[in-house]
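Below you'll find the structure, written out as structure tokens, and then a few comments.
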Amino acid sequence: MADARPTPASPAASPTFDEVFCGLLPRLYRRAVMLAGSRQSAEDVVHEAYLKLARRPQRFLAHPEPYAYAFTAVLSVARDAHRKDRRQALVDGMAEVEEAGAGGAVAGGGPGGWDGGVERRQAEIEAVRLLGKLSHRQAGIVILVDLDGYTLDQAAKIMKVHRGTAARHRSRALDRLRAFLVESEHGQAGR
């Protein structure tokens, strides 16, 4: 007679919740920093998203695109954290970074010179600052479409909104970003 017990190899064939989530961590951290504004806040957001998804790991593992599912959870947690923080006294943590960045060019970082990644880091800080001025939905759509390379239809499905709503959020976000850039250029020129 054949033994009806499952073989030990069958459970190991499917990845566990932790394995799948840990594989997504670097990408989730990068996107969470863009949503939360700082590395510490991003770590908190990703941790909270982990706890939220760990309550029902089978849903996460059964999803056809685990990154999209996890990103939606990160976006939700970031939005909730922002709402909670908004009720507290506001402190502008980017003021020191902006003052340091306004000092001028970095030595050796001129055209064609390697600056040790300072210019790229300043660009990332500026992107985080600008995304922080958008609503979480607008920032989420911009991240998914313009940074992660999803189509508008895919982003709408991930965000669980209609395609037209996603397009409107993206359009308004891009308009606001353009306005912020024009405003900052004119403000520096003494408008």
Side-chain angles (χ1 to χ4, degrees), residues 16-57 59-61 63 65-106 109 114-150 155 158-160 169-170 173-174 176-177 180-181 183-184:
T16 65
F17 172 79
D18 286 335
E19 290 172 344
V20 174
F21 193 85
C22 287
L24 300 173
L25 275 177
R27 193 171 175 192
L28 289 174
Y29 276 130
R30 284 193 307 270
R31 298 314 181 215
V33 167
M34 293 180 163
L35 291 170
S38 73
R39 177 178 234 136
Q40 291 172 336
S41 298
E43 289 173 358
D44 291 343
V45 165
V46 171
H47 178 72
E48 289 298 319
Y50 172 85
L51 295 175
K52 187 175 186 178
L53 294 174
R55 288 184 208 132
R56 295 191 179 112
R59 282 188 179 177
F60 174 71
L61 293 172
H63 198 274
E65 198 167 348
Y67 169 75
Y69 195 81
F71 178 80
T72 303
V74 165
L75 183 62
S76 172
V77 169
R79 184 176 45 240
D80 292 345
H82 174 71
R83 287 179 181 161
K84 183 178 129 191
D85 291 344
R86 198 172 58 194
R87 288 184 234 132
Q88 298 175 2
L90 297 177
V91 177
D92 188 10
M94 298 302 288
E96 298 85 28
V97 175
E98 290 174 5
E99 290 171 12
V106 176
W114 184 69
D115 64 353
V118 172
E119 196 172 318
R120 178 182 173 157
R121 182 65 184 139
Q122 286 176 337
E124 289 173 353
I125 290 170
E126 181 66 10
V128 168
R129 186 182 71 79
L130 289 172
L131 285 171
K133 293 184 176 189
L134 301 175
S135 72
H136 280 85
R137 280 195 190 244
Q138 289 174 343
I141 291 291
V142 168
I143 288 171
L144 286 172
V145 174
D146 298 306
L147 298 177
D148 286 342
Y150 286 96
I158 291 168
M159 301 281 295
K160 296 180 180 144
H169 282 305
R170 182 171 178 259
L174 294 177
R176 287 185 70 191
L177 290 174
F180 292 141
L181 289 174
E183 183 179 300
S184 68

Just list the side-chain donor-acceptor pairs under 3.5 Å for residues 134-145, sequence neighbours left out, or say none.
| unit_1 | atom_1 | unit_2 | atom_2 | d |
| --- | --- | --- | --- | --- |
| Ser135 | OG | Gln138 | N | 3.1 |
| His136 | NE2 | Ala78 | O | 3.3 |
| Gln138 | OE1 | Ser135 | N | 3.4 |
| Gln138 | OE1 | Arg176 | NH1 | 3.4 |

Does a sphere of radius 6.0 Å around CZ in Arg56 hold more than 12 heavy atoms from other residues, nucleotides or ligands, not counting ones at 6.0 Å or beyond?
no

Quiz: residues 66-76 side-chain donor-acceptor pairs under 3.5 angstrom, not counting sequence neighbours:
| unit_1 | atom_1 | unit_2 | atom_2 | d |
| --- | --- | --- | --- | --- |
| Tyr67 | OH | Asp148 | OD2 | 2.6 |
| Thr72 | OG1 | Ala68 | O | 2.8 |
| Thr72 | OG1 | Ile158 | O | 3.0 |
| Ser76 | OG | Lys52 | NZ | 2.9 |

A side-chain contact here means heavy atoms from C-beta on lying under 4.5 Å apart; do Met159 and Tyr150 qualify?
no

Apply side chain to side chain contact (heavy atoms under 4.5 Å, CB included) to Met34 and Leu147, showing your working.
CA-CA 11 Å; Met34 293 180 163; Leu147 298 177; 3.4 Å; yes

State the CG-CD distance between Leu28 and Glu43, to the nearest 0.5 angstrom.
13.0 Å

Below 4.5 Å, heavy atoms only, C-beta onward: do Tyr50 and Phe17 meet side chain to side chain?
yes

Euclidean distance, Glu126 CD relative to Leu131 CG, rounded to 0.5 Å:
10.0 Å

Take atom CD in Gln40; do more than 12 heavy atoms of anything else shown fall under 6.0 Å from it?
no

Of all the heavy-atom pairs spanning Ala36 and Ser41, show the shortest one and how long it is.
CB-CB, 3.6 Å

